[in-house]
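Structure first, then comments.
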Amino acid sequence: MAERRHPGRLGLRALVWVTLAALFVAMVGAQALAARTVTMLGTWGGQELEAFRKVLEPFEKETGIRVEFTGTRDLPAVLTTRVQAGNPPDLAALPNPGQMREFAREGHLVDLSKALDVKVLRQQYAPVWLDLGSYDGKLYAIFMSADLKSLVWYSPKAFAAKGYAVPKTWDEMMALSDRIVKDGGTPWAIGLESGAASGWPGTDWIEDIMLRTAGPEVYDKWVAHQIPWTDPAVRRAWETFGKIALNPKYVYGGPTGELTTNFGDSVNALFTSPPRAYMHRQATFIQSFILKANPGLKAGTDYDFFALPPIDPKWGTPALGAADMVGMFKDSPEARMVIQYLASPKAQERWVAALGKLSANKAVSMNAYPDPLTRKAAKILVDAQVFRFDGSDLMPAAVGSGSFWTGILDYVGGEDLDSVLEKIERSAEEAYR
Amino acid sequence: MRRGGAWAWGFVAPALLLIGFYLAYPTVQTIYLSFMDRRSEHFVGLSNYVRLLTSTAMLTAFRNNLLWLVVFTAGTVGLGLLMAVLTDRVRYEAAAKALIFLPMAISFVGAGVIWKFMYAYQPPGVPQIGLANQVMVMLGQQPRGWLVERPWVNNLALIAVGVWIWTGFAMVVLSAAYKAIPKELLEAARVDGATEWQVFWRISLPVIQSTVAVVATTMIINVLKVFDIVYVMTNGNFGTEVMANRMYKEMFEYQDFGRASAIAVILFLAIVPIMLANIRRFRRQEATR
């Protein structure tokens, strides 16, 4: 038998072994390489993504770990699908606390107290931020940055030209609106269009007004659906919003203009000559939209903001905000290092400097903010007596980004308020169960 | 013979497996999920269906799907037929047809984005950036919010986009059938003194009617699944909701697997009779051949 063995056979067998060995080495190598890469999913793109890359630069250089970031505007859908398919990213910038809690409840998120020093976190973050990132007593997400929402943007130059003063109370603000109308101008610029997310800018209005007319406790009850949408407190907030939003003389373009104008474009009505509108209620992030469309404008002289004034003196001037949260879906030493880095003031200083966002971390130096305006907003956020998170982000998606959004569009589109609120209430009764 | 039968099964098996895996299994799974709760954990009977059939959002979606069905199908088939006949005898036929067929090359999402610009609204007195409103202004009218004016203007504005895309397809198929009509038939009619109008209605249309039916049913099946245009342009707001968009929302935004599956089943059931009618007609046609 031995003589019959072809000499070539041996060579073939050796070749097979060598190939197998090479494959094995390659696989192990790929594994080792893959372990040095951390995948992350988020909504950031364009300017935000560039800023995020800048945040990661020193970390990647120092540790040799690469963060592979995928950005999508359809984050909830993509993330849900990947989690359901058992293929989640290592980390994700979560869209909102409501969704974070859903993931935490189903056991998809990793408890961060394993990866982070909770003592340090307690020193650096106000309790409200840690609570918002927790579910059932465990920390599941950290806040990279925040946006302050309760701001009214205006052009100091345009105000000065007409002799308008910054209003200190809601009544003063409405009186100013009337005066602007009398002078032949339009007081407000509102844009509710935002693609598939249309309607959200209106929910911010309602939330801000709720805090100012009913106070934080009723606000919390409303968000938790312990009072119905047909409650007089909720109704009053909508009516107060409607006094501005439904008045065609108050808003540039009237209700049709509100419904068809993109939120990011609407603010630019303030900076035409003559101004097409004078005031615009929007969060801190709108600054980047203003500068993108009008690169020459100077913060503080060409555009500025004032806090949305109080309505009921009892509730003062509360701050409404939203924030970017990061959670961990797959535990690994590398992913832990990334999240440790993102929670640190060092990373967040780079993030706020590049984007003009605010940090929720008290250890972030005020000097990190790129301009006096952002610093002013950061101070309002840190000093606010009452801070509440964006209510629609806390509600179940079927209400928060469902019937609440459409409700705003229906209401501004001319539908009767009772029928709008009843519709939201009906969806809430199902969604909160 | 028997062995032959076994062989046949052997050859068919891979195809059957594929169909089972890609078609039958998901269908059965979807039907199963439609009887479960939002997380697919508990059996809830028909309650998903009951809630869907009584919710205002779904009722709007049903109404709009019906509107799409009628207007879109009539629009594409009617315009397609008109174009097929009108371009038939002109010198620049190829160029004209290419132009009308061109939108077929654009994706629905792309078309949605393009038409969003077409319908853009600026308040009166400011230069309009959307073509539709610029035309209105030139006619001395006020600009309109095409996509927010409910319930008919915005729905028809969306359907117009669908018609814009699909008319070319209908035209090409109908034109082929039209060209296949024996010329002697038409000549004979004309010699006998029939007007062009009579020739069309009495001779051409009856001859190509089976093609018209095929195009129409294709359009109906298409339109029942309409999603992209609505998702991109209004996301179902302002009373423009359609079934497929609602399904997407229930599934990916509200994460209610039960209801999303129930909508899928309803859509499936709505399409089945049209498919059956199509198959039956094909059979009849084959039989007469």
Side-chain angles (χ1 to χ4, degrees), chain A residues 74-81 83-84 95 99 102-103 105-106 186 189 192-199 248 251-262 265 269 272 276-277 396-403 405-410 412-415 419 422-423 426-427 430-431 433, chain B residues 37-41 47-48 51-52 54-57 60 109 112-113 116 119-130 133 142-151 153-154 230-241 245-246 248-260:
Chain A
D74 225 350
L75 185 72
V78 175
L79 193 55
T80 312
T81 318
V83 168
Q84 296 289 345
Q99 204 123 42
E102 299 247 313
F103 284 126
R105 180 167 52 211
E106 286 169 29
T186 310
L192 300 176
E193 201 273 342
S194 179
S198 292
V251 187
Y252 178 64
T256 309
E258 287 172 55
L259 295 175
T260 52
T261 307
N262 185 268
D265 295 334
T272 54
R276 290 171 181 163
V399 180
S401 52
S403 54
W405 286 356
T406 32
I408 292 283
L409 300 174
D410 290 341
V412 173
E415 201 172 313
S419 106
E422 268 159 34
K423 251 196 270 179
R426 240 175 301 154
S427 75
E430 282 178 15
R433 275 189 309 196
Chain B
D37 69 352
R38 57 183 308 147
R39 288 183 208 290
S40 317
E41 282 162 352
S47 84
N48 283 326
R51 273 206 230 124
L52 284 176
T54 52
S55 81
T56 38
T60 315
V109 175
V113 173
K116 228 177 153 177
Y119 291 135
Y121 172 88
Q122 291 288 308
V126 177
Q128 292 294 327
I129 52 174
N133 276 328
Q142 293 280 318
R144 313 179 74 157
W146 295 97
L147 294 177
V148 300
E149 215 172 291
R150 58 179 83 194
V153 173
N154 53 4
V230 175
Y231 178 75
V232 171
M233 294 181 72
T234 62
N235 193 25
N237 289 320
F238 320 113
T240 58
E241 192 69 290
N245 195 52
R246 192 73 203 167
Y248 178 87
K249 273 189 193 166
E250 294 284 1
M251 176 83 202
F252 291 111
E253 282 170 24
Y254 313 154
Q255 275 141 50
D256 193 326
F257 288 64
R259 265 200 250 179

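We name chains A, B, ... by the order of the sequence lines, and we start the count at 1 in each one.
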Which portion of A:Thr81 sits near chain B, non-hydrogen atoms under 4.5 angstrom
side chain
Of the listed residues ([options]), which shares the most heavy-atom pairs with chain B below a 4.5 Å separation?
| options | value |
| --- | --- |
| A:Gln84, A:Arg426, A:Glu106 | A:Glu106 |
| A:Gly402, A:Ser198, A:Ser401, A:Gly195 | A:Gly402 |
| A:Glu430, A:Glu415, A:Lys423 | A:Glu430 |

Can you tell me which of B:Glu250, B:Arg39, B:Gln122 forms the most heavy-atom pairs within a distance under 4.5 Å of chain A?
B:Arg39
Counting heavy-atom pairs under 4.5 Å to chain A, which of B:Tyr254, B:Phe252, B:Tyr248 comes out on top?
B:Tyr254
Do B:Asn235 and A:Trp405 have side-chain heavy atoms sitting under 4.5 Å apart?
no
Would you check if B:Val148 and A:Thr256 make a side-chain contact, meaning some heavy-atom pair closer than 4.5 Å?
yes
For the CZ atom of B:Arg150 and the CG atom of A:Asp410, what is their distance to the nearest 0.5 Å?
4.5 Å
Distance col, row B:Glu241:CD vs A:Thr406:OG1, nearest 0.5 angstrom, shows 9.0 Å
How close do [X] and [Y] get, counting heavy atoms only, and between which atoms?
| X | Y | answer |
| --- | --- | --- |
| A:Gly253 | B:Tyr121 | O-OH, 3.9 Å |
| A:Thr260 | B:Gly145 | CG2-CA, 4.4 Å |
| A:Ala397 | B:Glu253 | CB-O, 3.1 Å |

Can you say whether B:Val232 sits under 4.5 Å from chain A via the side chain, the backbone, both, or neither, judging by heavy atoms?
neither
Between B:Asn237 and the options A:Ile408, A:Leu259, A:Leu409, the side-chain contact (heavy atoms from CB on, under 4.5 Å) test singles out A:Leu409
